[in-house]
Amino acid sequence: MADIIVQHPYYPQDVPIPHYVVSKLDMGQAFLTLGSAIAAIMVVSGLLIGRARNTLSCKDKFIVVWMLVCAGIHIVLEGYFSFNHGALAGKDTILADLWREYAHSDSRYLTSDPFTVIMEGITAVFDGSFAVVAAYGILADSPIRHPAQLITSLAQLYGDVLYMLTNYMEGFKYTNPHPMYFYGYFVLMNLPWIVIPVYLIIDSCRSIYRGMLIAQRATSIKKAE
């Protein structure tokens, strides 16, 4: 018996996605759902900031919100993909609908691509956990803040660069060439996880350097006494 060919809107157009079903959420509803979830995390972040041990600067408030939003996306959304990648294209859930919408920019999310599954699994467990620790470090004024912030940001930057470059090296064949999907989804939706981690890596390196410099000077003074 010949294999049943299931029509789908993804690229490359001949990639087999035999269990694909049409999403219940359209593009607008998908964005509204994701935006509402992010807004809820931001509200919770604001409440936690109000209970922080010390008064936080605007920069630290932003980093807390960023880390907690990242934790939510990594653990919930990307974690869901990691556990359900094999049947994702055919699942009837809100999270599956969100992934089917994003897959217009990268069909690897619907084909159990080994690199994508491994990368997202690591991101969900590793990046998500350290993002929570980084946010806690800021809220509790703990010295764990900058090691966790540095580790999270390095992992995010490394993963995102690898993810985008593997698609580039294959001629963006997994991406719908329409500008909305290429620039709006693939480029703009991933750009924050390059720009912001670079800034946070620099911020943490400077803070760790200053801390080590102070510690070295204190040690030198003690030895001189």
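Here the side chain of Ser23 pairs no donor or acceptor atom with the backbone of Leu25 at under 3.5 angstrom. Side chain of Ser82 to backbone of Gly121: a donor-acceptor contact under 3.5 angstrom is found. Here the side chain of Arg145 pairs no donor or acceptor atom with the backbone of Gly137 at under 3.5 angstrom. His85 places no side-chain N or O within donor-acceptor distance of the main-chain N or O of Tyr80, the cut-off being under 3.5 Å. Looking only at distances, no side-chain donor or acceptor of Arg210 sits under 3.5 Å from a matching main-chain atom of Cys205.
Side-chain atoms of Thr111 and Tyr10 include no donor-acceptor pair closer than 3.5 Å. For the residue pair His146/Ser207, the side-chain donor-acceptor check at 3.5 Å is satisfied. For Asn176 and Ser105, the side-chain atoms include no donor-acceptor pair closer than 3.5 Å. Side-chain contact of His8 with Gln13: a donor-acceptor pair under 3.5 Å is absent, judged by distance alone.
Among pairs with a residue in residues 36-48, none fulfils salt bridge (charged side-chain N to carboxylate O under 4.0 Å, His left out), at least two apart in sequence or across chains.
Rounded to the nearest 0.5 angstrom, Leu110 CG and Asp113 CG are separated by 11.0 Å. Atoms CE and OH, on Met189 and Tyr181 in that order, are 10.5 Å from each other to the nearest 0.5 Å.
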Requested in this report: Please step through ring-ring contact (aromatic ring centres under 6.0 Å, His included) for the pair Phe182 and Phe172, ending with a clear verdict.
Outcome: CA-CA 9 Å; Phe182 184 83; Phe172 299 111; 5.0 Å; yes

Report task. Please lay out, stage by stage, how Arg108 and Thr166 fare under the test side-chain contact (heavy atoms from CB on, under 4.5 Å). Result -> CA-CA 11 Å; Arg108 290 179 292 179; Thr166 51; 2.9 Å; yes

Requested in this report: Any chance you could lay out the side chain to side chain donor-acceptor pair (under 3.5 Å) test for Ser204 and Gln149, step after step, and finish with the verdict?
Outcome: CA-CA 7 Å; Ser204 288; Gln149 179 176 305; 2.9 Å; yes

Query raised in the report: Which is it for Gln156 and His74 under the side chain to side chain donor-acceptor pair (under 3.5 Å) test, yes or no, and what are the steps along the way?
Result: CA-CA 10 Å; Gln156 289 175 331; His74 294 332; 3.0 Å; yes

Requested in this report: Test Asp203 against Lys59 for side-chain contact (heavy atoms from CB on, under 4.5 Å), laying out the working first.
Outcome: CA-CA 10 Å; Asp203 177 63; Lys59 181 188 79 173; 2.8 Å; yes

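Annotation for Leu56: atom CG counts as buried by contact number, over 12 foreign heavy atoms lying within 6.0 Å.
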Please tabulate, for side-chain N and O atoms in residues 30-49, each donor-acceptor pair with protein atoms closer than 3.5 Å (sequence neighbours left out).
from  : atom 1 : to    : atom 2 : distance (Å)
Thr33 : OG1    : Gln29 : O      : 2.8
Ser36 : OG     : Leu32 : O      : 2.7
Ser45 : OG     : Ile41 : O      : 2.8

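For His104 and Tyr185, the ring centers are positioned 6.0 Å apart or more. A distance of 6.0 Å or more separates the ring centres of Tyr163 and Phe115. The aromatic ring centres of Tyr109 and Phe81 sit less than 6.0 Å apart.
Between Lys24 and Asp97, none of the side-chain N atoms (NZ, or NE/NH1/NH2) sits under 4.0 Å from a carboxylate O, so this pair counts as no salt bridge.
When hydrophobic residues (I, L, V, M, F, W, Y) are linked wherever their side-chain heavy atoms come within less than 4.5 Å, the members clustered with Ile122 are Ile118, Phe126, Phe130, Ile151.
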